[in-house]
2 protein chains.
Amino acid sequence: MVKEMVAVMGSKTEEFKEEKEIFLEHIQKSGLRRTAQRDLILEVFLRTEDHLSSEDLYWLVQKEDPNVGQTTVYRTLKLLTEAGLAREVRLGDGRTYYEHHFDHEHHDHMICTECGEVIEFFSAEIEELQDQMAEKFNFKPTHHSLRILGICGECQKLEREQSVASGAQPRVRVKTTLN
Amino acid sequence: MVKEMVAVMGSKTEEFKEEKEIFLEHIQKSGLRRTAQRDLILEVFLRTEDHLSSEDLYWLVQKEDPNVGQTTVYRTLKLLTEAGLAREVRLGDGRTYYEHHFDHEHHDHMICTECGEVIEFFSAEIEELQDQMAEKFNFKPTHHSLRILGICGECQKLEREQSVASGAQPRVRVKTTLN
DNA sequence: CCAATTATTGAAACAGTTTGCATAAACAAA
DNA sequence: TTTGTTTATGCAAACTGTTTCAATAATTGG
Ligand SMILES: [Mn+2]
Ligand SMILES: [Mn+2]
Ligand SMILES: [Zn+2]
Ligand SMILES: [Zn+2]
C-alpha cells in the first residue's frame, strides 16, 4: 500500500524529468532556491497542455494547495519563461497566456472571435518570407507574433443555421479588443 | 489680415475634407452630435501621421485646447476607428496606438526592441499564405496582426561599435514585455 | 424660450500585473 | 542539529491603461 503510493508519486515525479531538470538547473544557475510551491506550479503547468493565463494556473494550483498565492504563480511563470519551459502568448484579450515551450515546435495562432477557440498553425513559407522582409529592411528579427482573427468552422456553421431559422442571434462574443 | 486668417483657417478646414465628411456621416448615422472637441481631436489626429497612443494624442490636443479631457480622446478615437478613419495598432508595450486608416494601405510592423523604431511593411505573399492557411483550417479570417520584433539597422550598427570599444553598454531598452 | 435628450468631464472604478514588506522557509556553515 | 544569512512567500497596496459613473453642460426640437 505504501509501496503503491510511493510508486504513484514516483511516476509523477518521473513524468517530466527533463523539464524538471531544466528548471532546477535554471534555479541553481540564478542563485535561487527550490521550493514546494515552485515545484507544484511547474508540475501543474507541465501536465496542462493548453494556453493558460496566470489566473487559470492559479486556480488549478489552488485545488492542490490552497496556500499558494497569485503572486507566486506570476513570479514562477516568469521563471519558467526564462528557463525556456514556457512561452508567453497574447491572444488579444489583454491577458498573458502561457504555453509549453520545451519540446514544442514554434507556431502561430488563429483565434475565433465568436467562441475564443485557438487554432495553432505553422507555415515555413510565412516564416521564410518574414525573414526575407526583415532582411530587406536591414532588420535583425529575434521573434515575431502572428495572429489571425476570424470565425472558426464550427461558428460559421452555427451562423448559417441561425441566419436561416431565427433572426440571427450572435453567441457569446469573446472580448478581443486586441493586444 | 483678417482675410488671411480666414484663408488659413479655410485651408485648414479644407485640408482633410474627405475624412471630415466621413466622420460627419458616421456621427450622423450613429445619431451622435458634432462637437468642437471631436472636431479638434479629429483635426489633430489627421495631421499627425504617426502611431499615436490615446495619451500622445491627448497631449497634442491639450496644447490647442486645455479643456479637452482624456476620456473624450479615448472615446473619440473609438469613434474614428468605427468610422474607418483610424486603425488600432498594438506594438507590444501594452498600450493601444492608432494610425490613419482611410486612404492608407494595410501593412504590418517591425519593432526595434532597442530603440522602439517602427518599420511598416507589406508582403502580398505573406497575406496570401495567411489566407491559404486559414482556408486549410476552415477558418474565415477577418483580420490579422503580424509583428516582427528585433533590432533595427541603426541599433545593430551601434551595437557593433560599442562591442568593439567599451564593455558593451546597452541603450535605452524599450519595454516590450507585453501584448 | 423651455423641456427633453445627449455629450463632456474629472473622479472613481476596473483588470491585470507588479512591488513593498513582514514573515516563513531554504540552505550552508559551524 | 543549531545558527545565521539569504531568498521566497503571501498579503495588501501600488501601478498602468482603460472604462464607467454621476454631475454638469450643451444641443435640439417644440
Ligand atoms: Mn499555442
Ligand atoms: Mn503603421
Ligand atoms: Zn468559434
Ligand atoms: Zn533600433
Side-chain angles (χ1 to χ4, degrees), chain A residues 23-24 26-42 44 51-59 61-62 64-83 86 88-98 116 173-179, chain B residues 23-24 26-42 44 51-59 61-62 64-83 86 88-98 174-179:
Chain A
F23 186 53
L24 261 188
H26 178 75
I27 285 275
Q28 292 168 343
K29 196 174 58 204
S30 315
L32 304 176
R33 289 171 184 172
R34 185 179 180 187
T35 70
Q37 24 289 63
R38 282 176 179 166
D39 279 356
L40 176 59
I41 292 168
L42 173 59
V44 174
H51 302 99
L52 286 172
S53 72
S54 186
E55 211 189 349
D56 292 340
L57 184 53
Y58 169 66
W59 287 118
V61 167
Q62 274 291 303
E64 314 199 15
D65 180 352
N67 296 322
V68 179
Q70 292 242 40
T71 320
T72 305
V73 177
Y74 272 107
R75 285 191 277 232
T76 304
L77 277 171
K78 201 158 289 172
L79 282 184
L80 296 187
T81 305
E82 286 167 19
E88 297 189 354
V89 182
R90 320 286 158 142
L91 297 179
D93 63 353
R95 85 203 80 190
T96 304
Y97 292 85
Y98 291 84
R173 181 145 313 211
V174 170
K175 184 190 160 205
T176 28
T177 331
L178 276 231
N179 267 288
Chain B
F23 186 54
L24 262 189
H26 178 74
I27 285 276
Q28 292 169 342
K29 199 174 55 204
S30 316
L32 303 176
R33 287 173 190 165
R34 184 178 181 187
T35 70
Q37 348 347 24
R38 281 175 180 165
D39 279 358
L40 175 59
I41 292 168
L42 173 60
V44 175
H51 302 99
L52 286 172
S53 71
S54 186
E55 211 188 348
D56 293 339
L57 184 53
Y58 169 66
W59 288 119
V61 167
Q62 274 290 303
E64 313 200 15
D65 180 353
N67 296 322
V68 179
Q70 291 244 39
T71 322
T72 306
V73 177
Y74 272 108
R75 283 190 282 236
T76 305
L77 277 171
K78 202 159 288 174
L79 282 184
L80 296 186
T81 305
E82 286 166 18
E88 298 189 353
V89 183
R90 319 286 159 144
L91 298 180
D93 63 353
R95 103 208 54 201
T96 305
Y97 292 85
Y98 292 84
V174 171
K175 184 191 161 203
T176 29
T177 329
L178 283 210
N179 286 302

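So that the names make sense, note that chain A is the first sequence line, chain B the second, and so on, each numbered from 1.
If you check every strand for non-hydrogen atoms under 4.0 Å, Arg38(B) touches sugar and phosphate atoms only.
When all heavy atoms are compared, the tightest approach of His51(B) to Asp56(B) is O-OD2, 4.1 Å.
Between the CG atom of Leu52(A) and the P atom of dT17(C) there is a distance of 13 Å, rounded to whole Å. Note: CD (Glu55(B)) to P (dG17(D)) measures 7 Å, nearest angstrom. Taking atom CD1 of residue Ile41(B) and atom C1' of nucleotide dA7(C), one finds them 12 Å apart after rounding to whole Å. Nucleotide dT9(D) holds its P atom 14 Å from the NZ atom of Lys78(A), rounded to whole Å.
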N/O-N/O pairs, protein side and nucleotides 23-30 of chain C side, under 3.5 Å:
{"unit_1": "dA26(C)", "atom_1": "N3", "unit_2": "Arg33(A)", "atom_2": "NH1", "d": "3.0"}
{"unit_1": "dC27(C)", "atom_1": "OP1", "unit_2": "Arg34(A)", "atom_2": "N", "d": "3.4"}

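Map Tyr58(A) and Leu79(A) each onto its nearest nucleotide of DNA chain D; the residue landing nearer the 5' end is Leu79(A). Residue Val73(B) is the one, among Ser53(A) and Val73(B), whose nearest nucleotide of DNA chain C lies closer to the 5' end (criterion: closest heavy atom).
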Validation: residues 65-76 of chain A side-chain donor-acceptor distances under 3.5 Å, sequence neighbours left out:
{"unit_1": "Asp65(A)", "atom_1": "OD1", "unit_2": "Asn67(A)", "atom_2": "N", "d": "2.8"}
{"unit_1": "Thr76(A)", "atom_1": "OG1", "unit_2": "Thr72(A)", "atom_2": "O", "d": "2.7"}

Using atom types as modelled, flag every donor-acceptor pair under 3.5 Å from a side chain in residues 35-42 of chain A to any protein atom, sequence neighbours excluded.
{"unit_1": "Thr35(A)", "atom_1": "OG1", "unit_2": "Arg38(A)", "atom_2": "N", "d": "3.2"}
{"unit_1": "Arg38(A)", "atom_1": "NH1", "unit_2": "Arg33(A)", "atom_2": "O", "d": "2.7"}
{"unit_1": "Asp39(A)", "atom_1": "OD1", "unit_2": "Arg34(A)", "atom_2": "NE", "d": "3.3"}
{"unit_1": "Asp39(A)", "atom_1": "OD2", "unit_2": "Arg34(A)", "atom_2": "NE", "d": "2.9"}
{"unit_1": "Asp39(A)", "atom_1": "OD2", "unit_2": "Arg34(A)", "atom_2": "NH2", "d": "3.0"}

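Side chain of Thr71(B), nearest nucleotide from dA11(C), dG17(D), dT9(D): dA11(C).
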